[in-house]
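Accompanying notes for the structure given below.
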Number of protein chains: 2
Amino acid sequence: MQAKRNFSAKREAIYETLASTKSHPTAEWVYDQLKPSIPDLSLGTVYRNLTVFKELGLTKCVGVVNGKERFDADMSQHPHFVCTRCLSVIDVPIKRNFVDCNIYDYVAKECGVTVEDHNIVFYGFCNGCREKQDF
Amino acid sequence: MQAKRNFSAKREAIYETLASTKSHPTAEWVYDQLKPSIPDLSLGTVYRNLTVFKELGLTKCVGVVNGKERFDADMSQHPHFVCTRCLSVIDVPIKRNFVDCNIYDYVAKECGVTVEDHNIVFYGFCNGCREKQDF
DNA sequence: AATATTTTGATAACAATTACTGATATGTTA
DNA sequence: TAACATATCAGTAATTGTTATCAAAATATT
């Protein structure tokens, strides 16, 4: 369990909303979730705090889907699947990492760079979308 | 060698610009490259044709870096490295694919989806950026 | 040549995100 | 407690990458 942070009520609410979903939401989705219970919440505040969380290493961006940044509070290294039909983003559960330090070293050597992180995204369509449509 | 396509002069020029660079440029970079030799080129035309190429399967988007879409005419499956300092995008050369059909099957089964494509991106800093700055 | 189709430049529209500003809340110090 | 400094915020304006519109120009077709 993480030590209590002295976040403002709104910052805490934004973080909790992000931490309690696996939907990898957009900033606007977080805003829409909280607006009913926090009527004076501003969309700018959501954006501002998502940036704060990124700086604090509490969240990361899992990519830009259809022009919208998608956020994740699950900082464990795991790939994602993006349904190119409904644009949902799904965690790919892994037993152990697809990508290990050897690959970082390989990329470092091949490209003449220092590797700090990586991101794996699969694309396709989810079963919900297959049922709805014929391909 | 690819058969001659009956592309318009501008479409051809845009494609050639993209095909002859490994910089994974933005739409605007392509525009800036061509503007001197094609003074009446419009930025909209570049965007329009980049979309056409995507539909024709001639190019793909390698991701969105700092809010800008980065394009690649190299359709072979290969990972990319993004320097988070200078935002350059570098091809990672591979002998054989990191990700094979077995992994597609694995993701399909674990997530209940159909996998059509994937994208691997490494992040870090390139040697140029290391030399310029102390970290 | 007459007509249809494609492509284009210029511009406006759009949408996601960021910047700004003054107000409010919170923390600190004495 | 009061006085001050700092952090956070709402509301709005500005910015920016991208897309849509539309009439003109180029090209293809008959």
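So that the names make sense, note that chain A is the first sequence line, chain B the second, and so on, each numbered from 1. Note that the structure is a prediction, hence the values are computed from the model and not measured.
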Checklist line | Residue list, side-chain contact (heavy atoms from CB on, under 4.5 Å) with C86(B), at least two apart or on another chain | finding: C83(B), S88(B), C126(B), C129(B)
Just the atom pairs and distances: protein N or O near nucleotides 4-7 of chain C's N or O, under 3.5 Å.
unit_1: dT7(C); atom_1: OP1; unit_2: R11(B); atom_2: NH1; d: 2.9
unit_1: dT7(C); atom_1: O3'; unit_2: S8(B); atom_2: OG; d: 3.3

Check: Quick one: hydrophobic cluster around V64(B), which other residues, with the 4.5 Å side-chain cut-off, linked directly or via members?
Finding: V64(A)
Next item on the list: Give me the residues of residues 61-69 of chain A where at least one heavy atom lies under 4.0 Å from an atom of DNA chain C, by number, or none.
Entry: G67(A), K68(A), E69(A)
Next item on the list: Taking ring pair (Phe, Tyr, Trp, His ring centres under 6.0 Å) as the test, write out the residues that go with Y31(A), two or more places apart.
Entry: none
Check: Does D32(A) have any salt bridge (Lys or Arg N to Asp or Glu O under 4.0 Å) partners at least two apart in sequence or in another chain, and if so, which?
Finding: none
Check: With sequence neighbours left out, what residues match Y47(B) under ring pair (Phe, Tyr, Trp, His ring centres under 6.0 Å)?
Finding: none
Next item on the list: Examine distances only and state if a side-chain atom of D74(B) and a backbone atom of S76(B) form a donor-acceptor pair shorter than 3.5 Å.
Entry: yes
Checklist line | Positions of residues 22-43 of chain B (non-hydrogen atom under 4.0 Å from DNA chain C), listed by number | finding: D40(B), L41(B), S42(B)
Checklist line | Below 4.0 Å: OP1/OP2 of dT17(C) and any side-chain N or O of Y47(A) | finding: yes
Check: Of all residues at least two apart in sequence or in a different chain, which pass the side-chain contact (heavy atoms from CB on, under 4.5 Å) check with T17(B)?
Finding: W29(B), V30(B), Q33(B), L34(B)
Checklist line | Partners meeting side-chain contact (heavy atoms from CB on, under 4.5 Å) with K54(B) (sequence neighbours left out) | finding: T59(B), E69(B), F71(B)
Notebook entry, point to check: Could you give the CG-to-P distance, from L50(A) to dT8(D), as a whole number of Å?
Noted result: 15 Å
Checklist line | Qualifying side-chain hydrogen bond (donor to acceptor under 3.5 Å, both in side chains) pairs with a residue from residues 117-128 of chain B, counting only residues at least two apart or across chains | finding: Q77(B)-D117(B), Y104(B)-H118(B), N127(B)-R130(B)
Notebook entry, point to check: Taking only residues two or more places apart in sequence or in another chain, which ones pass side-chain contact (heavy atoms from CB on, under 4.5 Å) with K10(B)?
Noted result: S8(B), I38(B), D40(B), L41(B)
